[in-house]
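Heads up, the thing below is written out as structure tokens.
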Number of protein chains: 2
Amino acid sequence: MSAAAPSTIGNEDLVGRRVLLVDDDPTVAEVASSYLRAAGFVVQEAADGFAALDAADAGRPDLIVLDRMLPGIDGLEVFRRLRGRCSTPVIMLTALGSEDDRIAGLEAGADDYLAKPFSPRELVLRVQSVLRRSIDEFTPESVLECGEFRLDPSARVATRAGAELALTLREFDLLEFLLKHPDQVFSREELLRTVWGWAYGDLSTVTVHVRRLREKIERNPRSPTMLTTVWGVGYRFTTTGRADAVG
Amino acid sequence: MSAAAPSTIGNEDLVGRRVLLVDDDPTVAEVASSYLRAAGFVVQEAADGFAALDAADAGRPDLIVLDRMLPGIDGLEVFRRLRGRCSTPVIMLTALGSEDDRIAGLEAGADDYLAKPFSPRELVLRVQSVLRRSIDEFTPESVLECGEFRLDPSARVATRAGAELALTLREFDLLEFLLKHPDQVFSREELLRTVWGWAYGDLSTVTVHVRRLREKIERNPRSPTMLTTVWGVGYRFTTTGRADAVG
DNA sequence: CCAGGTCTTACGGAACCCGAACGGATGCGC
DNA sequence: GCGCATCCGTTCGGGTTCCGTAAGACCTGG
């Protein structure tokens, strides 16, 4: 996901990288490209699938931001053809609400996802994250370990004390993000933006999914010790033993 | 509608940031600007789109509050032109608070949105929230250490001599601010402005919260030794012996 | 001794979090 | 194609926590 695992690569190392932006909506394209440029990227644009394929050949971008909905050939089809010739990382843009897009994309092997409408800032963050990841090369996505938890992002398998946890898609994403940023509090809004990829939405969605996740990972879901609530702020995955103080 | 989303960056870190306020209604502009100034921002105003674009070039603001309804060129158009030249975060104001407007604004790429009529406090909160978001996202903030106190803003965990303190949101924010500025006296007004983000308000709010905080951090709350009162002036966090904030 | 500032306590209400349940959408087996 | 199970997002009621304010007692300095 968008999370940045501790890496030696700073954002300044990403300056000058080439990003190909594929979207038929001129407004979206303009906004996104302006943000990406401001972040130091060299941006090339394409408005449809064929132009995208050409540009990918000619421009040799380091990363491609690809809208799912395109005139002419579908974004997913463009993605498949791209994969046929190169392994450039791809971030897919999808319309909000079509959940199958997300799943189809994950199966197809997109590197990240962002739901429209998205905050342009969020896009920049994701681009940087994916690029960092792709540069690291050796650890495509390292396995996360935290206490008795073990989470393999590429295999999408999570275990606690060896026993596999039957997590749903969202639950997995949520746990993955939290494990990547342990001992850090995130508000519901932040989680909705980063894990869900939504610029806005019902915050209770996060609440409920946290509850469901607790049901599966906590010994006693009623009084959680790891995925704790920070009142008025958000949630936190605590690693250091137990961290509840009463007073 | 609930804003907020407390983060790891204190409001005091936002003091001095430049905000460009674009609204043709002098009353609205005056009220909003006074609140923003009281919150520590440097405010520049513009009454129409062209002035806004000029001011954005000249003033290089850190954030822009932009009314959607403007004489001359429309706010959305101003927004697009702004995006063409820089990526300064923008908060949009609109007269009719329908959900569609909000979505339209966010889709265009605004970072946040506020419906008129809005409470000036709400505006200040949003400005702070967006600025925080644009400054940092996942980078944990450095831990504050002072005597036997230890405070981790990212995890929102405070300990004294290793024992965790059960602080509420306000108490934590208050202690965080004081630890960041040790041995310095702050009036109630200042605390209300910086910690609470209020321009005006009942000063006894501060008094009571100081008392509650003392109850939790002082050995003998009746005769405080760290969070001391400076009569007629305000409060101060006194560092006992050696005091150093690790940055 | 007075006046203004500070402390303490108490209380009502607001904000917040949780649990449970519902309906819709999707994928799967038949 | 048709039920069935799963997952997801939303909604609602209830209980809890926290916050801001008010009011009175106490303290400080003149």
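Remember, it's a predicted structure, so these values are computed and weren't measured experimentally.
Distance CZ (B:R170) to C1' (D:dT21): 14 Å, rounded to an integer number of Å. For the pair B:W196 CH2 and D:dT21 C1', the computed distance is 13 Å after rounding to whole Å. Following rounding to the nearest Å, B:D202 (CG) and C:dA14 (C1') show an atom-to-atom distance of 17 Å. The interatomic distance linking A:R188 (CZ) with C:dC18 (C1') rounds to 10 Å, in whole Å. When rounded to the nearest whole Å, the span between CD of B:E189 and P of C:dG5 equals 11 Å. In this structure, B:E171 places its CD atom 11 Å from P of D:dG20, rounding to the nearest Å. Straight-line distance from the CH2 atom of B:W231 to the P atom of D:dC26: 16 Å, rounded to whole Å. At whole-Å resolution of the value, NZ in B:K216 and P in D:dC19 are 8 Å apart.
Salt bridge status for B:D202 with B:R188: absent, with no side-chain N to carboxylate O gap under 4.0 Å. Using a 4.0 Å cut-off between charged nitrogen and carboxylate oxygen, A:D111 and A:R132 do not count as a salt-bridge pair. A salt bridge is absent between A:E190 and A:R193: the closest approach of a Lys/Arg side-chain nitrogen to an acidic carboxylate oxygen does not fall below 4.0 angstrom.
Along DNA chain C, the nucleotide nearest to B:T207 and the one nearest to A:G234 differ in position, and the one closer to the 5' end is contacted by B:T207.
Ranking C:dT6, D:dC8, D:dT21 by closeness to the B:W198 side chain, first place goes to D:dT21. Nearest to the side-chain atoms of B:R214 among the listed nucleotides D:dC27, C:dG19, C:dC7 stands C:dC7. Minimum atom distance to the side chain of B:T168 is reached by D:dC19, of the listed D:dC8, C:dC7, D:dC19. Side-chain atoms of B:T229 lie closest to C:dC7 of the nucleotides D:dG20, D:dT10, C:dC7.
Residue A:E164 comes nearest to A:T159 through the heavy atom pair CA-CG2, 3.7 Å, listed as atom of the first residue, atom of the second, then distance.
Backbone-only engagement by B:R222 is indicated by non-hydrogen atom pairs under 4.0 Å involving sugar-phosphate atoms exclusively. Nucleic acid contact class of B:T205 (heavy atoms, under 4.0 Å, all strands): base. As judged by a 4.0 angstrom heavy-atom cut-off over every strand, A:V208 is placed among the base-contacting residues. Residue-level contact check: A:S204 touches the bases, meaning some heavy atom is under 4.0 Å from a base atom.
Between A:Y235 and the phosphate of C:dC16, there is no side-chain N or O to OP1/OP2 separation shorter than 4.0 Å.
The backbone N or O of A:V230 sits nowhere less than 3.5 Å from a side-chain atom of A:R236 that would complete a donor-acceptor pair.
Over its full length, the helix from C:dC1-D:dG30 to C:dC30-D:dG1 turns its helical axis through 30°, comparing axes from the five pairs at each end and rounding to 10°.
Side-chain contact, A:R211 with A:T207: no donor N or O sits under 3.5 Å from an acceptor N or O.
Residues B:R156 and B:L167 are not in side-chain contact: their nearest non-hydrogen atoms beyond the backbone lie 4.5 Å or more apart. With a 4.5 Å cut-off on side-chain heavy atoms, B:Q128 and B:F41 count as touching.
The base of D:dG9 does not come close enough to the side chain of A:R211 for any donor and acceptor atom to sit less than 3.5 Å apart.
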